[in-house]
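These notes are about the structure you will find just below.
Nothing here was measured: the structure is a model prediction, and the numbers come from that model. Heads up: numbering here begins at 1 and tracks the sequence.
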Amino acid sequence: MKSICRFILLGFSSLISLCFVLSCQQAGRRTEIDESAFVFETSHVDGDEKEYSRSAVITGHVSHHEVYQNTKEISITIPFFDRVSNKQRSTIYEDRFAFSLVPYAPRTISMPPYIDHLVICPGDSIHVELDFADLGKVYYSGKGAENNEKFNVFHVAYYLKGDWPGFSRYETDSEGNDIRAYEHAGAFAKAAKEKLESHLARLDEFVLERRPSPELISLCRKEIEADYYSALIQGLLMYKSVQGEEVSGFFKTEEAEPLFDKDCLNSNLFELASNISMWELRSLDQKEVRRLAGDYPSLVRTLKQATKNDMLFQMMVSHFYNQLLEANDVDRFEESFDIFNENVTFPLLKLSIRDRYVLKKAYQQNPRSLSDAILNADKPRDGQTVAVKENEGVKLLRSMIEQEERKVVFICIGATWCPGVRQELPYLLSLAEKFQGRPLRIVNFFIDNGPDDINTVAQGIENFHLTDAQRAGLDPILHLGRGIPFYILIDKQGVIVDFGEHLRPSIPETTKRIEEYLGQ
């Protein structure tokens, strides 16, 4: 039940963000752009370029590699907004690996599944020792080693990140019936506050027993408090949306403002900034939300009025611009670039958005390149000699294309229990009816093994239940981990031309896109 409500909230957030994306798409696209006026200049960022542009190096060694001898590479994840994280991979060569990245600012990253939390700063040089015979053993050396060692201990032994109350929390009564653990928003907010105090008490134990540096104490406290505010906001929005309760008195944006500074950017602050953005929009009349969707200067002014903290303001602005890129809406991003350029000056935000824009621009101009990278992710690259394990999820995607040459393929990835999937089902049926007899194949990929009752109503739509291996293969490539339904549009040439949550069948723009590719 917890998973169901989690996706309800994601669906609710998506509806608000879709107002922005779709208003942008329906406003019309420019046919000509003055490329010379659209430049990310590093001169228009805060700080000394020599400082924020310094690379950080992570080296590593694997002992007992024979235990998992088929593991050929190590990856690091660099969190950013929403579902998407940047990833780097390093081939394990003679039991060693290495990364070089520009963190732009002190921040936290991860090396899954070995290290959940790594603190990295510009100019750092950190060495990591992994033991495949005991994955719980991680040793650090080099600059920042002590902080990283203790930060990892804090998360393993003192702080359970997922241990927060939620709207979806249910308990069982004496008769075996499910009852909501926190019936009203006030009870939920009180429980969340008590859990915060419990986690902070554990932090005090960590400080007493491990004696971390003052910088690390601050980092750990920010980690806990950011998770608390995110859980609080998400739960309160659910109480307001589902139960119609007034929740404005349980959270004020200024309460979370002290967490946003440039000393170190915890990875969970991206999620918190996104949640605060949703909170601020949810307090507005929805007509005003729709108006702001087509007026980015007004949107930015509204965000400016919502907080006195400049870092939080810049992160909220970056959140909405990142959503445009998430929806592959490069044209609208370019149209509103001046507003972004003027208001976002923190290097980590500005230059990360720049890198994402470059990738999305390249994808818009040549979708085949990224499509080929996705569809051939399990095949060796040119000159690569290491063995690559066949990816079952990618293999399934390829089969959808190979079975239906010269057809447009529209794939919905969801679950039989997901309210968002069921809400979109009538529109999916309408698409099947509208394009009946046309070269269009509509497919559902269900990530669960639920009942096939959808088959009884989904005439003209093929339904597949993904195996664990298939889902695991698609997750890291398409970033499914934080939201369903998720859609993929493939043209007649077998090229993935668009993908993401924004391609909902209920959106007129989606029908137009399908019509466009059917006509090619």
Side-chain angles (χ1 to χ4, degrees), residues 13-14 16-21 24 38-42 44-47 52 77-86 102-109 226 229-230 233 253 256-257 259-281 292-293 295-330 332-361 479 482 500-502:
S13 300
S14 297
I16 292 181
S17 61
L18 277 170
C19 289
F20 287 85
V21 173
C24 297
F38 184 71
V39 179
F40 282 90
E41 294 184 357
T42 55
H44 192 43
V45 295
D46 296 333
Y52 66 70
T77 299
I78 308 168
F80 202 58
F81 287 104
D82 304 320
R83 298 174 299 96
V84 177
S85 297
N86 296 317
V102 179
Y104 299 127
R107 64 184 307 185
T108 56
I109 64 174
Y229 284 121
S230 280
I233 293 169
T253 294
E257 287 179 342
L259 298 176
F260 292 89
D261 58 45
K262 300 176 183 178
D263 291 340
C264 187
L265 200 63
N266 300 57
S267 60
N268 57 356
L269 289 181
F270 293 105
E271 180 183 7
L272 178 56
S274 300
N275 285 324
I276 293 176
S277 299
M278 294 301 104
W279 176 268
E280 291 296 335
L281 281 185
L292 293 175
D295 184 356
Y296 266 63
S298 294
L299 169 63
V300 171
R301 284 195 295 269
T302 298
L303 296 176
K304 187 72 171 178
Q305 294 169 359
T307 179
K308 295 179 181 179
N309 183 293
D310 185 59
M311 173 62 78
L312 174 55
F313 164 67
Q314 291 193 42
M315 290 188 75
M316 289 195 292
V317 172
S318 298
H319 160 72
F320 285 110
Y321 275 86
N322 183 68
Q323 284 190 324
L324 290 177
L325 296 179
E326 274 283 273
N328 300 320
D329 198 348
V330 172
R332 181 59 177 176
F333 180 92
E334 291 176 339
E335 289 173 359
S336 305
F337 170 73
D338 290 344
I339 306 300
F340 172 84
N341 191 44
E342 178 182 349
N343 288 280
V344 178
T345 59
F346 184 45
L348 187 149
L349 299 174
K350 187 157 197 167
L351 302 182
S352 296
I353 289 284
R354 176 201 63 186
D355 294 344
R356 181 147 300 168
Y357 161 77
V358 170
L359 288 174
K360 292 291 186 175
K361 180 72 172 180
H479 308 291
R482 289 191 57 189
E501 297 173 70
H502 60 283

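By the 4.5 Å heavy-atom criterion applied to side chains, Leu349 and Phe81 are counted as neighbours. Taking the side chain as every heavy atom from C-beta outward, Met278 and His319 approach each other to under 4.5 Å. Taking 4.5 Å as the limit, some side-chain heavy atom of Ile276 sits within range of a side-chain heavy atom of Leu312. The shortest distance between side-chain heavy atoms of Pro106 and Leu265 does not fall below 4.5 Å. The shortest distance between side-chain heavy atoms of Thr108 and Asn268 does not fall below 4.5 Å. In this structure the side chain of Leu324 never reaches within 4.5 angstrom of the side chain of Lys360, judged on heavy atoms. The side-chain heavy atoms of Arg332 and Tyr296, taken from C-beta on, include a pair separated by under 4.5 Å. Proximity of Glu334 to Lys361: side-chain heavy atoms (C-beta onward) are separated by under 4.5 Å at one or more points.
Taking Lys262 as the reference, Asp46 meet the salt bridge (Lys or Arg N to Asp or Glu O under 4.0 Å) condition, with sequence neighbours excluded. Shown here are the side chain to side chain donor-acceptor pair (under 3.5 Å) partners of Asn309, two or more places apart in sequence or in another chain: there are none. Remark: Thr307 pairs with Glu257 by the side chain to side chain donor-acceptor pair (under 3.5 Å) rule, at least two apart or across chains. Evaluation of the side-chain contact (heavy atoms from CB on, under 4.5 Å) rule for Val102 yields Ser55, Tyr104 as partners, not counting sequence neighbours. Residues satisfying the side chain to side chain donor-acceptor pair (under 3.5 Å) test with Thr302, not counting sequence neighbours, are none. Residues passing the salt bridge (Lys or Arg N to Asp or Glu O under 4.0 Å) test with Asp261, sequence neighbours excluded: Lys222.
With respect to Asn343, the side-chain contact (heavy atoms from CB on, under 4.5 Å) criterion is satisfied by exactly one of Asp338, Asp310, Val300: Val300.
Side-chain atoms of Glu326 and Asn322 form no donor-acceptor pair, as typed in the model, at a separation below 3.5 Å.
Within the model, atoms CE of Met316 and CG of Leu281 stand 9.0 Å from one another, a figure rounded to the nearest 0.5 Å. Atom-to-atom distance recorded for Trp279:CH2 and Ser274:OG is 16.0 Å, nearest 0.5 angstrom. With rounding to the nearest 0.5 Å, the separation of OG1 in Thr253 from CD in Glu280 is 3.5 Å. Note: Ile353 CD1 to Leu348 CG = 10.0 Å, rounded to the nearest 0.5 Å.
Using cut-offs of 30° and 60° on the angle between ring planes, the pair Phe333 and Tyr321 is perpendicular.
Although no hydrogens or angles enter the test, the distance criterion places a donor-acceptor pair under 3.5 Å between the side chain of Lys350 and the main chain of Asn341. At distances below 3.5 Å, not a single donor-acceptor pair connects side-chain atoms of Ser298 with backbone N or O atoms of Leu292. Between the Arg107 side chain and the Ile78 main chain, no donor and acceptor come within less than 3.5 Å of each other.
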